[in-house]
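Starting from 1, each residue takes its place in the sequence as its number. Just so we're clear, the structure is a prediction, and the values are computed from it rather than from any experiment.
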Amino acid sequence: MERKTLGLILAIIPLIAVIGALVIAFALTGDVQTMVLETGPDEVISGYLTGFTGAGGDMFTVSGYSLSDDRGTLLLKVMVSNPIDYPLIISSMSYMSEFNGKPVTIKLDSPVEVMPESTAEIILTGDLASLGQLTGIPKMPNEPNPSDIISEVSFAGIILKNNGGVQ
């Protein structure tokens, strides 16, 4: 019987400690929400979205165009900064560009995961085979504004889509 009583007391001690801490925190702050949640859920989501809208820094930075070694693929480097503490999944990313006066769609070949609070380089590729053989030094297209790149990004169950400036 003493063993059961001791086991019960030891099982209840953590519960009493948690309740005691909550009572002390409530006595000091007088507000249950601030003692349980440092920031409200709406503030957390708003903070994450701020990182995507540019107020917390640029999420996408375009590094520039280049050609593959065989000159059959147009490459666009995009640096993606993850400003939050959840992994980002870049599901899709594309941009319609012009190369030597002809339209070329450059896109992400497969989804990419960007780890929390880090930066990753993503390469968008566009096939130039339909343009014919390239001769001489081709004129590279102007770098796109990052907000013009069509993208789909997800984190923590939230999906953000950018239609490339199109409403």
Q: Hey, could you give me the CG/OG distance between Leu74 and Ser66, rounded to the nearest 0.5 Å?
A: 7.5 Å
**Q.** Exercise: identify the closest heavy-atom pair between Ile149 and Ser94
**A.** CG2-O, 3.5 Å
Q.
Nearest 0.5 angstrom please: Leu88 CG to Ser118 OG, how far?
A. 8.0 Å
Q.
Please report the interatomic distance OG(Ser63) to CD1(Ile122), rounded to the nearest 0.5 Å.
A. 11.0 Å
(Q) If I take atom OG1 from residue Thr73 and atom CD1 from residue Ile106, how far apart are they, to the nearest 0.5 angstrom? (A) 11.5 Å
(Q) Within the structure provided, determine whether Val80 and Asn82 are in side-chain contact (heavy-atom separation under 4.5 Å). (A) no
Q. Among all residues two or more places apart in sequence or in another chain, which pass the side-chain hydrogen bond (donor to acceptor under 3.5 Å, both in side chains) test with Thr125?
A. Asp109
Q | Leu75 and Leu124, any side-chain heavy atoms less than 4.5 Å apart | A | no
Q: State which residues pass side-chain hydrogen bond (donor to acceptor under 3.5 Å, both in side chains) with Asn145; sequence neighbours excluded, sorted by chain then number.
A: Ser147
Q) Of all residues at least two apart in sequence or in a different chain, which pass the side-chain hydrogen bond (donor to acceptor under 3.5 Å, both in side chains) check with Asp70? A) Ser68
Q) What heavy-atom pair brings Ser154 and Ser91 nearest, and what distance separates the two atoms? A) OG-OG, 4.4 Å
Q) Distance from Ile150 atom CD1 to Met96 atom CE, nearest 0.5 Å? A) 8.5 Å
Q: Using a 4.5 Å cut-off on heavy atoms from C-beta on, say whether the side chain of Pro146 contacts that of Val78.
A: no
Q: Identify the residue among Val112, Leu108, Val153 that makes a side-chain contact (heavy atoms from CB on, under 4.5 Å) with Met93.
A: Leu108
Q | By side-chain contact (heavy atoms from CB on, under 4.5 Å) - contacts of Pro87 (at least two apart) | A | Glu113, Pro116
Q | Which residues share a side-chain contact (heavy atoms from CB on, under 4.5 Å) with Lys161, sequence neighbours left out | A | Glu152, Ile159
Q | Residues that Glu121 engages under side-chain contact (heavy atoms from CB on, under 4.5 Å), provided they are two or more places apart | A | Lys77, Met79, Ile123
Q. With the 4.5 Å side-chain cut-off for hydrophobic clustering, are Ile158 and Ile90 part of the same group?
A. yes
Q) Minimum heavy-atom separation for Gly126 to Val104, with atom names? A) CA-CG1, 4.1 Å
**Q.** All side-chain hydrogen bond (donor to acceptor under 3.5 Å, both in side chains) counterparts of Ser97, not counting sequence neighbours
**A.** Tyr65
